[in-house]
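Accompanying notes for the structure given below.
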Amino acid sequence: MATVGNKNVQAKLVLLGDMGAGKSSLVLRFVKGQFFAYQESTIGAAFFSQTLAVNETSVKLEIWDTAGQERYHSLAPMYYRGAAAAIIVYDITNLDSFVRAKKWVQELQKQGNPNMVMALAGNKSDMIEKSKVSPEEAKVYAQENGLFFMETSAKTAQNVNELFYEIARRLPKAEPVQHPAGMVLADRSAERARSSSCCS
Amino acid sequence: METDSARESGEEENGFTQPEIGDDDIDNVAEDFRDGLGLLSPKEKTMEERRNGTLDSDNDSDDNSRIRTVDENGNADDSSRIEVEEGQSDSSRIEVEEGQSDSSRIEVEEGQADSNRQIAEFSSENNNFVEGHKEISEAREHLEDDFSEQEIEVEAPTSPSSSGYAGGRGSSSAASIGSASGSEEIRDALRSGDGVTECFGNGNGEHRGQASWAHGKRYSNEDETSISWRKRKKHFFVLSHSGKPIYSRYGDEHKLAGFSATLQAIVSFVENGGDHIKLVRAGNHQIIFLVKGPIYLVCISCTEEPFQALKGQLELLYDQMLLILTKSIDKCFEKNSKFDMTPLLGGTDVVFSSLIHAFSWNPATYLHAYTCLPLRHSTRQAAGAILQDVADSGVLFAILMCRHKVISLFGAQKAILHPDDMLLLSNFVLSSESFRTSESFSPICLPQFNPMAFLYAYVQYLGVDTYLMLLTTDSDSFFHLKECRIRIENVLVKSNVLSEVQRSMLDGCLRVEDLPGDPTLPSDSLSFRLRRDKNLQVAGSSTGTGRNTGIGGPAGLWHFMYRSNYLDQYVASEFSPPINSRNAQKRLFRAYQKLHTSMHDKDVGPHKMQYRKDENYVLLCWITQEFELYAAFDPLAEKSSAITVCNRVCQWLRDVESEIFLLEASPLSW
């Protein structure tokens, strides 16, 4: 959950998506500026943190890069629980990964934090000629489901920073609604207590 | 006979390479096998057809390619194929014996001379087939006799294909196997295995450089029709009880569906007889089976490793799978016997190939012990203290390692970490590149600790090769473990542990040349590290304190390995000349493995001491309650001096034990 204090925001961000969609590549490009053509499969989940400056606020993103393999699906709630934001990644050259991405969106809508900022990232936009998912289709789907959509390329770095900054920009906007002048709603406080125990 | 001896000497010379004469041999055998395939494919085709409902197009195309291959090999003539079939089955003498234990051992032995003659027969001359005809009846009688003794149903009505996907558990019905007659069915099955193994055997293709395993699946374009695939010396297969492939060391699992089904048929046929298959011997090949509930593991090897050693490797392979998925995977098979496990193992090929690679270099795979990085006692204590501190704060196990060597480890009270679990865990972490990029939090299972449950592993590299693993039962404790790691890292940096580790990695472990010369000289009781420093100072002056200036250590000592039975830890000396080529190291590794097996043989052992001499080494093994010592000497070494040197090695290790072993491990009540 995103927490605000003295213009410092801390937020948990989770990346979900099919294996090979490019979740780790996106994170590595964003956090370390690196790209590897043969990125090894992630095991479990990898943790990164990165601080961004957005409109004089510093946003510290705690990023969970989850593994896309089927055996880790049942463990995903462990990583997206309490997340303030999620990036659902699919591979534009792989229709199955788009289907899988929709399932992740459904799961988050059902199980996740209702105020979660969600982004749909169509990765590998450098291979546009092999694209199997039209950006229009993805955009329509994203709008219908309250996500924002971007086509990205971890390889060329296209839209990668934009994606994470857009999330960071949207975070503080979502926040004030939850803290109307110090008054805390009952259900939110319960959720906050839980989140603070898992991401101190 | 000539080809055979050439093959053997090739094996002896350097483990894998093959003299040129062997290549002809391979071709002959390969041709022989192609003939066998030509026979098999119609049957497999029917299997494919029957399974069509459940199979995807991959298998169909595979089937086509197989048939095409057969055609290319020019075995178009049907009648000639039949000739080959009969000849082949006759020339391999198949013996089925009842073992003493409740689960009988089936051994299919094929005489060396027979197999040679077979090769000669099928290389080019067709006139030998006549002879084959005469003997086929004999072989068939022999087989039928043996199987009727085992009370295997001969008149089983349905096709073998049904045992694959429809039959579920192989033992469910006796009717699930055998087409025309049961005995013919098993003979086909055995022969197909037979033919295959004969063909892998003579391979010289395995050794492709040390790190080639590191790239996950090797040769994924291969399948059972590829000659290169058949030449591989050591295959590992994992399949489900319905015959679905789960893992294959070489080749793509999906393309090997037919081959998996064959293996499944062999297992379930024997199970239908109320028995369990353990081993099939075919020429110099062994086919080892391990059944673990719904999962079958098979090793096909011509490496001459002992059966017990190969079986142990299959056990580890199975445990590695449990480490990734836990034993609750069995439930998936209970719900759906046709369950396809391959997607669950996505991306883990590299873990298995690295483990299989370890079977040929890491003594931990059969000693069931771990090894420590040599460190000053005070350094290790500093690391141990902070790990213990963390372990007391709710971490189940805190393990600090450098590559496959332990720096220090600590477990919460009463938590016992088995050396095999450590081997598999470190293999898992080391082989998965993703752990190196960032901190990770991943579910893992320690099969010896609790095969049913996941633990959560926080893994972070603290240096190039140094990594910390914190295991917990609480899936929410990532941030707690992260704090623990920060605390540990601070202490390790402050107390210079990490730089000591780097230095130790450069220095290496014990060297046989450093073995103290005369135990009565007091200066020799110095730690080996100090001794090494001293040696560096006197470098050049060849007359050290009783140091052997020739190759190896005193009395021709080349290498040793010592396992402490109290600590479940081992230490091995660094390889030094003449054991400096990788082939020589692998050969010594296998020799130790053989020695280990024979020392622990339950039928004739266990032994206390063994002195073995061949053209390569003098090998000496000595087992007491306290330790196991394995030593390799120059083949010309004298027995009495070898024994004296072994005593000196033991004394030396006792003197430096606080540096080479983790003595604080005893609170874990090993």
Side-chain angles (χ1 to χ4, degrees), chain A residues 10 12 14-15 18-21 23-50 61-83 96-97 100 193-200, chain B residues 214-217 321-326 328-329 332 339-351 354 425 427-445 454-461 469 471-472 474-483 485-486:
Chain A
Q10 193 171 334
K12 179 173 173 181
V14 63
L15 279 92
D18 204 2
M19 58 189 278
K23 299 176 292 301
S24 301
S25 295
L26 279 177
V27 176
L28 281 179
R29 169 60 80 187
F30 171 62
V31 176
K32 300 187 177 180
Q34 295 171 333
F35 177 79
F36 303 101
Y38 297 98
Q39 179 70 38
E40 286 247 358
S41 301
T42 305
I43 307 289
F47 180 83
F48 299 85
S49 63
Q50 180 81 335
L61 290 179
E62 292 183 334
I63 305 168
W64 281 103
D65 169 26
T66 64
Q69 278 91 12
E70 192 183 321
R71 66 176 172 280
Y72 295 116
H73 286 178
S74 59
L75 298 151
M78 188 171 113
Y79 303 111
Y80 66 64
R81 196 189 312 144
D96 288 344
S97 75
R100 184 73 227 166
R194 197 177 44 169
S195 69
S196 65
S197 71
C198 84
C199 52
S200 51
Chain B
H215 304 293
K217 172 66 80 193
M321 199 165 279
L322 294 188
L323 185 129
I324 297 165
L325 296 173
T326 78
S328 54
I329 193 72
C332 299
F339 177 69
D340 183 5
M341 219 173 115
T342 41
L344 285 185
L345 288 171
T348 55
D349 272 333
V350 71
V351 178
S354 134
L425 181 60
N427 177 62
F428 181 68
V429 172
L430 284 170
S431 58
S432 314
E433 199 64 30
S434 88
F435 287 115
R436 292 172 187 270
T437 45
S438 71
E439 350 174 31
S440 299
F441 192 57
S442 169
I444 55 106
C445 161
F454 271 128
L455 295 175
Y456 299 90
Y458 173 93
V459 182
Q460 165 83 326
Y461 271 82
M469 298 182 283
L471 307 190
T472 176
D474 178 9
S475 64
D476 282 337
S477 60
F478 171 80
F479 287 96
H480 172 61
L481 298 181
K482 187 180 162 75
E483 276 166 22
R485 188 266 302 168
I486 293 169

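Just so it is clear: chains get the letters A, B, ... in the order the sequence lines come, proteins before strands, and each one is counted from 1.
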Heavy atoms of B/Gly347 and A/Ser41 approach each other most closely as CA-OG, 3.8 Å
Please flag which part of A/Tyr79 lies under 4.5 Å from any non-hydrogen atom of chain B: side chain, backbone, both or neither.
-> side chain
Inter-residue atom distance A/Leu28.CG - B/Ser434.OG, 0.5 Å rounding = 10.0 Å
Quick one: what part of B/Leu345 sits under 4.5 Å from any heavy atom of chain A, side chain, backbone, both or neither?
-> backbone
With only heavy atoms counted, which part of B/Leu344 is less than 4.5 Å from chain A, the side chain, the backbone, both or neither?
-> both
Proximity breakdown for A/Phe48 and chain B, heavy-atom pairs closer than 4.5 Å | side chain
Side-chain contact test, heavy atoms from C-beta onward, threshold under 4.5 Å: evaluate it for A/Phe47 versus B/Phe479 and give yes or no.
-> yes
Rounding to 0.5 Å, atoms CZ (B/Phe441) and CD1 (A/Ile43) come to a distance of 15.0 Å
Parallel, tilted or perpendicular: which describes the rings of B/Phe478 and A/Trp64, with under 30° parallel and over 60° perpendicular?
-> perpendicular
Between A/Ala46 and B/Ser438, the two heavy atoms sitting closest are CB-OG, 3.0 Å
May I ask you to name which of A/Thr42, A/Thr66, A/Asp65 has the most heavy-atom pairs under 4.5 Å with chain B?
-> A/Thr42
How many angstroms lie between CD in A/Glu40 and OG1 in B/Thr437, if you round to the nearest 0.5 Å?
-> 9.5 Å
Residue pair A/Tyr38, B/Glu433: steps toward the side-chain contact (heavy atoms from CB on, under 4.5 Å) verdict = CA-CA 11 Å; A/Tyr38 297 98; B/Glu433 199 64 30; over 6 Å; no
Reported OG1-to-CZ distance for the pair B/Thr326 and A/Arg71, which is rounded to 0.5 angstrom | 12.0 Å
